[in-house]
> 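I'd like to ask some things about the structure below.
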There are 2 protein chains.
Amino acid sequence: MPASKTVSSKRATVIKALAHPSRLLIAEALMEGEMCVCDLKDLVGADMSTVSKHLSLMRQAGVLVSDKRGLNIYYRLACDCLGDFLRCLDQLAPKKAATKPCC
Amino acid sequence: MPASKTVSSKRATVIKALAHPSRLLIAEALMEGEMCVCDLKDLVGADMSTVSKHLSLMRQAGVLVSDKRGLNIYYRLACDCLGDFLRCLDQLAPKKAATKPCC
DNA sequence: TAGTTATTTGGCAAAATAGCCAAATAGATG
DNA sequence: CATCTATTTGGCTATTTTGCCAAATAACTA
(Lines give C-alpha, C1' and ligand atoms only; values in the text may rest on other atoms or scores of the structure.)
Protein backbone atom coordinates (compact mmCIF):
# COMPACT_ATOMS: atom_id res chain seq x y z
CA MET A 1 0.00 0.00 0.00
CA PRO A 2 2.81 2.51 -0.57
CA ALA A 3 1.86 5.85 -2.12
CA SER A 4 3.58 4.79 -5.33
CA LYS A 5 1.02 2.03 -5.68
CA THR A 6 -1.75 4.56 -6.00
CA VAL A 7 0.06 6.29 -8.82
CA SER A 8 0.56 2.93 -10.49
CA SER A 9 -3.10 2.16 -10.11
CA LYS A 10 -4.08 5.35 -11.86
CA ARG A 11 -1.65 4.69 -14.65
CA ALA A 12 -2.89 1.13 -14.91
CA THR A 13 -6.43 2.38 -15.37
CA VAL A 14 -5.32 4.46 -18.33
CA ILE A 15 -3.28 1.65 -19.81
CA LYS A 16 -6.14 -0.78 -19.32
CA ALA A 17 -8.29 1.52 -21.41
CA LEU A 18 -5.94 0.73 -24.29
CA ALA A 19 -5.43 -2.94 -23.52
CA HIS A 20 -8.17 -4.47 -25.60
CA PRO A 21 -7.99 -5.23 -29.34
CA SER A 22 -11.08 -3.21 -30.20
CA ARG A 23 -10.12 -0.29 -28.02
CA LEU A 24 -6.61 -0.18 -29.34
CA LEU A 25 -7.97 -0.34 -32.87
CA ILE A 26 -10.12 2.64 -32.01
CA ALA A 27 -7.18 4.54 -30.57
CA GLU A 28 -5.08 3.77 -33.63
CA ALA A 29 -7.83 5.00 -35.93
CA LEU A 30 -8.19 8.19 -33.93
CA MET A 31 -4.50 8.92 -34.39
CA GLU A 32 -5.55 9.89 -37.92
CA GLY A 33 -8.23 12.24 -36.68
CA GLU A 34 -11.60 12.31 -34.96
CA MET A 35 -14.42 9.91 -35.77
CA CYS A 36 -18.01 9.42 -34.70
CA VAL A 37 -19.37 6.31 -33.04
CA CYS A 38 -20.93 4.90 -36.18
CA ASP A 39 -17.65 5.17 -38.07
CA LEU A 40 -15.91 3.34 -35.25
CA LYS A 41 -18.65 0.73 -35.11
CA ASP A 42 -17.95 -0.12 -38.74
CA LEU A 43 -14.25 -0.23 -38.05
CA VAL A 44 -14.52 -2.53 -35.05
CA GLY A 45 -17.35 -4.63 -36.40
CA ALA A 46 -19.22 -4.98 -33.12
CA ASP A 47 -22.59 -3.88 -31.88
CA MET A 48 -22.85 -0.12 -31.52
CA SER A 49 -23.67 -0.45 -27.85
CA THR A 50 -20.48 -2.41 -27.34
CA VAL A 51 -18.44 0.23 -29.12
CA SER A 52 -20.15 2.95 -27.15
CA LYS A 53 -19.19 1.26 -23.91
CA HIS A 54 -15.60 0.96 -25.03
CA LEU A 55 -15.58 4.65 -25.87
CA SER A 56 -17.15 5.55 -22.57
CA LEU A 57 -14.51 3.59 -20.70
CA MET A 58 -11.74 5.26 -22.66
CA ARG A 59 -13.18 8.70 -22.06
CA GLN A 60 -13.53 8.00 -18.33
CA ALA A 61 -9.89 6.99 -18.25
CA GLY A 62 -8.97 10.25 -19.93
CA VAL A 63 -7.68 8.68 -23.12
CA LEU A 64 -10.37 10.20 -25.33
CA VAL A 65 -12.32 13.40 -25.41
CA SER A 66 -15.66 13.81 -27.14
CA ASP A 67 -17.42 16.57 -28.85
CA LYS A 68 -21.03 16.68 -29.93
CA ARG A 69 -21.86 18.28 -33.25
CA GLY A 70 -25.32 17.89 -34.71
CA LEU A 71 -26.54 14.37 -34.19
CA ASN A 72 -23.07 12.89 -33.98
CA ILE A 73 -20.59 12.63 -31.18
CA TYR A 74 -17.02 12.85 -32.34
CA TYR A 75 -14.22 11.24 -30.39
CA ARG A 76 -10.55 12.01 -30.54
CA LEU A 77 -7.39 11.16 -28.62
CA ALA A 78 -6.61 13.29 -25.59
CA CYS A 79 -2.88 12.99 -26.16
CA ASP A 80 -0.53 12.10 -28.96
CA CYS A 81 2.00 9.99 -27.14
CA LEU A 82 0.61 6.75 -28.47
CA GLY A 83 2.47 6.50 -31.77
CA ASP A 84 5.97 6.47 -30.37
CA PHE A 85 4.99 3.96 -27.74
CA LEU A 86 3.41 1.56 -30.22
CA ARG A 87 6.38 1.79 -32.55
CA CYS A 88 8.58 0.76 -29.66
CA LEU A 89 6.31 -2.08 -28.58
CA ASP A 90 6.26 -3.47 -32.09
CA GLN A 91 9.91 -4.28 -31.72
CA LEU A 92 9.36 -6.60 -28.79
CA ALA A 93 9.70 -10.29 -29.40
CA PRO A 94 6.80 -12.12 -27.78
CA LYS A 95 6.85 -15.55 -26.08
CA LYS A 96 10.05 -17.04 -24.73
CA ALA A 97 11.90 -14.25 -26.41
CA ALA A 98 15.38 -15.53 -25.56
CA THR A 99 17.21 -12.75 -23.77
CA LYS A 100 17.68 -10.07 -26.41
CA PRO A 101 16.65 -6.58 -25.45
CA CYS A 102 15.26 -4.47 -28.20
CA CYS A 103 14.70 -0.72 -28.39
CA MET B 1 -11.27 -8.43 -39.72
CA PRO B 2 -8.77 -6.25 -41.57
CA ALA B 3 -5.11 -7.16 -41.31
CA SER B 4 -4.60 -4.14 -39.11
CA LYS B 5 -6.75 -5.82 -36.50
CA THR B 6 -4.21 -8.55 -36.10
CA VAL B 7 -1.49 -6.02 -35.50
CA SER B 8 -3.71 -4.31 -32.97
CA SER B 9 -4.32 -7.61 -31.24
CA LYS B 10 -0.62 -8.23 -30.85
CA ARG B 11 -0.06 -4.77 -29.51
CA ALA B 12 -3.03 -5.17 -27.18
CA THR B 13 -1.47 -8.30 -25.73
CA VAL B 14 1.66 -6.36 -24.89
CA ILE B 15 -0.27 -3.44 -23.45
CA LYS B 16 -2.44 -5.82 -21.45
CA ALA B 17 0.71 -7.15 -19.85
CA LEU B 18 1.17 -3.67 -18.36
CA ALA B 19 -2.47 -2.99 -17.60
CA HIS B 20 -2.68 -4.23 -14.03
CA PRO B 21 -1.65 -2.30 -10.93
CA SER B 22 0.74 -4.99 -9.70
CA ARG B 23 2.25 -5.58 -13.10
CA LEU B 24 2.74 -1.91 -13.77
CA LEU B 25 4.31 -1.53 -10.34
CA ILE B 26 6.70 -4.30 -11.30
CA ALA B 27 7.52 -2.65 -14.60
CA GLU B 28 8.12 0.68 -12.90
CA ALA B 29 10.43 -0.94 -10.38
CA LEU B 30 12.36 -2.66 -13.14
CA MET B 31 12.97 0.68 -14.82
CA GLU B 32 15.52 1.15 -12.03
CA GLY B 33 17.21 -2.15 -12.78
CA GLU B 34 16.70 -5.89 -12.55
CA MET B 35 15.13 -7.63 -9.57
CA CYS B 36 14.45 -11.19 -8.51
CA VAL B 37 11.02 -12.62 -7.79
CA CYS B 38 11.34 -12.38 -4.04
CA ASP B 39 12.22 -8.70 -4.22
CA LEU B 40 9.19 -8.09 -6.40
CA LYS B 41 7.00 -10.16 -4.10
CA ASP B 42 7.88 -7.78 -1.25
CA LEU B 43 7.21 -4.80 -3.47
CA VAL B 44 3.82 -5.99 -4.66
CA GLY B 45 2.77 -7.56 -1.38
CA ALA B 46 1.07 -10.58 -2.90
CA ASP B 47 1.71 -14.29 -2.77
CA MET B 48 4.88 -15.28 -4.55
CA SER B 49 2.95 -17.57 -6.85
CA THR B 50 0.77 -14.66 -7.87
CA VAL B 51 3.79 -12.51 -8.61
CA SER B 52 5.38 -15.34 -10.51
CA LYS B 53 2.33 -15.63 -12.72
CA HIS B 54 2.35 -11.92 -13.40
CA LEU B 55 6.00 -12.14 -14.37
CA SER B 56 5.36 -15.12 -16.57
CA LEU B 57 2.58 -13.29 -18.38
CA MET B 58 4.82 -10.26 -18.90
CA ARG B 59 7.65 -12.38 -20.19
CA GLN B 60 5.34 -14.19 -22.59
CA ALA B 61 4.17 -10.85 -23.91
CA GLY B 62 7.78 -9.84 -24.47
CA VAL B 63 7.78 -7.04 -21.93
CA LEU B 64 10.32 -8.70 -19.64
CA VAL B 65 13.32 -10.90 -20.06
CA SER B 66 14.68 -13.17 -17.35
CA ASP B 67 18.04 -14.42 -16.41
CA LYS B 68 18.83 -17.19 -13.97
CA ARG B 69 21.83 -16.74 -11.70
CA GLY B 70 22.34 -19.11 -8.81
CA LEU B 71 19.07 -19.79 -7.07
CA ASN B 72 17.48 -16.57 -8.23
CA ILE B 73 15.82 -15.56 -11.42
CA TYR B 74 16.32 -11.93 -12.31
CA TYR B 75 13.82 -10.05 -14.40
CA ARG B 76 14.32 -6.87 -16.33
CA LEU B 77 12.50 -4.78 -18.91
CA ALA B 78 12.93 -5.77 -22.52
CA CYS B 79 12.68 -2.18 -23.68
CA ASP B 80 13.03 1.27 -22.22
CA CYS B 81 10.16 3.06 -23.89
CA LEU B 82 8.00 2.95 -20.81
CA GLY B 83 9.18 6.08 -19.01
CA ASP B 84 8.28 8.56 -21.69
CA PHE B 85 4.91 6.98 -22.18
CA LEU B 86 4.05 7.05 -18.48
CA ARG B 87 5.11 10.65 -18.16
CA CYS B 88 2.74 11.51 -20.95
CA LEU B 89 -0.13 9.49 -19.50
CA ASP B 90 0.28 11.21 -16.15
CA GLN B 91 -0.88 14.41 -17.77
CA LEU B 92 -4.23 13.00 -18.76
CA ALA B 93 -7.24 14.15 -16.81
CA PRO B 94 -9.41 11.18 -15.91
CA LYS B 95 -13.22 10.99 -15.74
CA LYS B 96 -15.41 13.41 -17.60
CA ALA B 97 -12.30 15.34 -18.41
CA ALA B 98 -14.09 18.26 -20.04
CA THR B 99 -12.63 18.69 -23.49
CA LYS B 100 -9.09 19.87 -22.87
CA PRO B 101 -6.33 18.02 -24.67
CA CYS B 102 -3.11 17.71 -22.82
CA CYS B 103 0.33 16.67 -24.06
C1' DT C 1 21.97 -38.13 -0.77
C1' DA C 2 18.97 -35.30 2.01
C1' DG C 3 17.79 -30.79 2.95
C1' DT C 4 17.09 -25.97 1.89
C1' DT C 5 15.90 -21.99 -0.85
C1' DA C 6 13.82 -19.75 -4.96
C1' DT C 7 10.59 -20.18 -8.29
C1' DT C 8 6.94 -22.26 -11.13
C1' DT C 9 2.73 -24.96 -11.98
C1' DG C 10 -2.00 -26.90 -11.26
C1' DG C 11 -6.30 -26.23 -9.63
C1' DC C 12 -10.05 -23.83 -8.09
C1' DA C 13 -13.35 -20.14 -6.46
C1' DA C 14 -14.20 -15.21 -6.63
C1' DA C 15 -14.17 -11.08 -9.16
C1' DA C 16 -13.97 -8.39 -13.30
C1' DT C 17 -14.82 -7.81 -18.19
C1' DA C 18 -17.09 -8.34 -22.80
C1' DG C 19 -20.79 -8.26 -25.79
C1' DC C 20 -25.44 -8.74 -27.12
C1' DC C 21 -30.35 -7.20 -26.96
C1' DA C 22 -33.85 -4.11 -25.72
C1' DA C 23 -35.11 0.20 -23.91
C1' DA C 24 -34.01 5.05 -22.89
C1' DT C 25 -32.21 9.63 -24.15
C1' DA C 26 -30.98 13.69 -26.95
C1' DG C 27 -31.13 16.40 -30.69
C1' DA C 28 -32.53 17.38 -35.45
C1' DT C 29 -36.31 17.78 -38.80
C1' DG C 30 -40.83 17.40 -41.01
C1' DC D 1 -45.73 17.61 -31.81
C1' DA D 2 -44.29 13.15 -33.89
C1' DT D 3 -40.61 11.09 -35.77
C1' DC D 4 -36.14 9.88 -37.13
C1' DT D 5 -31.19 9.29 -36.21
C1' DA D 6 -27.14 8.76 -33.31
C1' DT D 7 -25.75 7.37 -29.10
C1' DT D 8 -26.03 5.69 -24.33
C1' DT D 9 -27.76 2.79 -20.57
C1' DG D 10 -29.60 -1.35 -18.17
C1' DG D 11 -29.59 -5.97 -17.73
C1' DC D 12 -28.11 -10.36 -18.49
C1' DT D 13 -24.99 -14.40 -19.54
C1' DA D 14 -20.57 -16.09 -21.03
C1' DT D 15 -15.81 -15.64 -20.80
C1' DT D 16 -11.56 -14.15 -18.86
C1' DT D 17 -8.67 -12.77 -15.22
C1' DT D 18 -7.04 -12.82 -10.43
C1' DG D 19 -5.10 -14.69 -6.45
C1' DC D 20 -4.65 -18.02 -3.07
C1' DC D 21 -3.10 -22.73 -1.59
C1' DA D 22 -0.69 -26.87 -2.20
C1' DA D 23 2.41 -29.49 -4.82
C1' DA D 24 6.18 -29.81 -8.17
C1' DT D 25 10.89 -28.23 -10.00
C1' DA D 26 15.48 -26.71 -9.94
C1' DA D 27 19.69 -25.75 -8.26
C1' DC D 28 22.69 -24.97 -4.46
C1' DT D 29 24.70 -26.89 0.22
C1' DA D 30 25.86 -29.88 4.01
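Convention: sequence-line order gives letters A, B, ...; per-chain numbering from 1.
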> If you only use heavy atoms from C-beta on, which nucleotide in D/dT7, D/dT9, D/dT18 is closest to the side chain of A/Lys53?
D/dT9
> For the side chain of B/Ser52, counting heavy atoms from C-beta on, which of C/dT9, D/dT8, C/dA18 is nearest?
C/dT9
> With a cut-off of under 6.0 Å to the ring centre and 45° to the axis, is A/Arg59 in cation-pi contact with A/Tyr75?
no
> Whole angstroms only, please: what is the NZ-P distance between B/Lys41 and D/dT18?
21 Å
> Counting side-chain heavy atoms from CB outward, which of D/dC20, C/dC21, D/dT8 is closest to A/Ser49?
C/dC21
> As a test of reading the structure: which of C/dG19, D/dT7, C/dT7 is closest to the side chain of A/His20, going by heavy atoms?
C/dG19
> Which part of the nucleic acid does B/Lys16 contact within heavy-atom distance under 4.0 Å: base, sugar-phosphate only, or nothing?
sugar-phosphate
> Using 30° and 60° as the class boundaries, would you call the ring planes of A/Phe85 and B/Phe85 parallel, tilted or perpendicular?
parallel
> Heavy-atom nearest nucleotide on DNA chain D for A/Cys36 versus B/Arg23: which residue maps closer to 5'?
A/Cys36
> Looking only at side-chain N and O atoms, does A/Asn72 come under 4.0 Å of OP1 or OP2 in D/dT5?
no
> Is a side-chain N or O of A/Arg11 found less than 3.5 angstrom from the main chain of B/Pro21, in a donor-acceptor match?
no
> Assuming nearest nucleotide by heavy-atom distance, tell me which of A/Arg69 and B/Val51 is located more 5' along DNA chain C.
B/Val51
> Classify the nucleic acid contact of B/Tyr75 as base, sugar-phosphate or nothing, counting any heavy atom under 4.0 Å across all strands shown.
sugar-phosphate
> Which of the following nucleotides, D/dA27, D/dA6, C/dT8, is nearest to the side chain of A/Leu71?
D/dA6
> For the Cys pair A/Cys79 and B/Cys88, is the SG-SG distance shorter than 2.5 Å?
no
> Would you say D/dT17 has OP1 or OP2 under 4.0 Å from some side-chain N or O of B/His54?
no
> Taking the side chain of A/Ser56 as heavy atoms from C-beta outward, which of C/dT9, D/dT9, C/dC21 is closest to it?
D/dT9
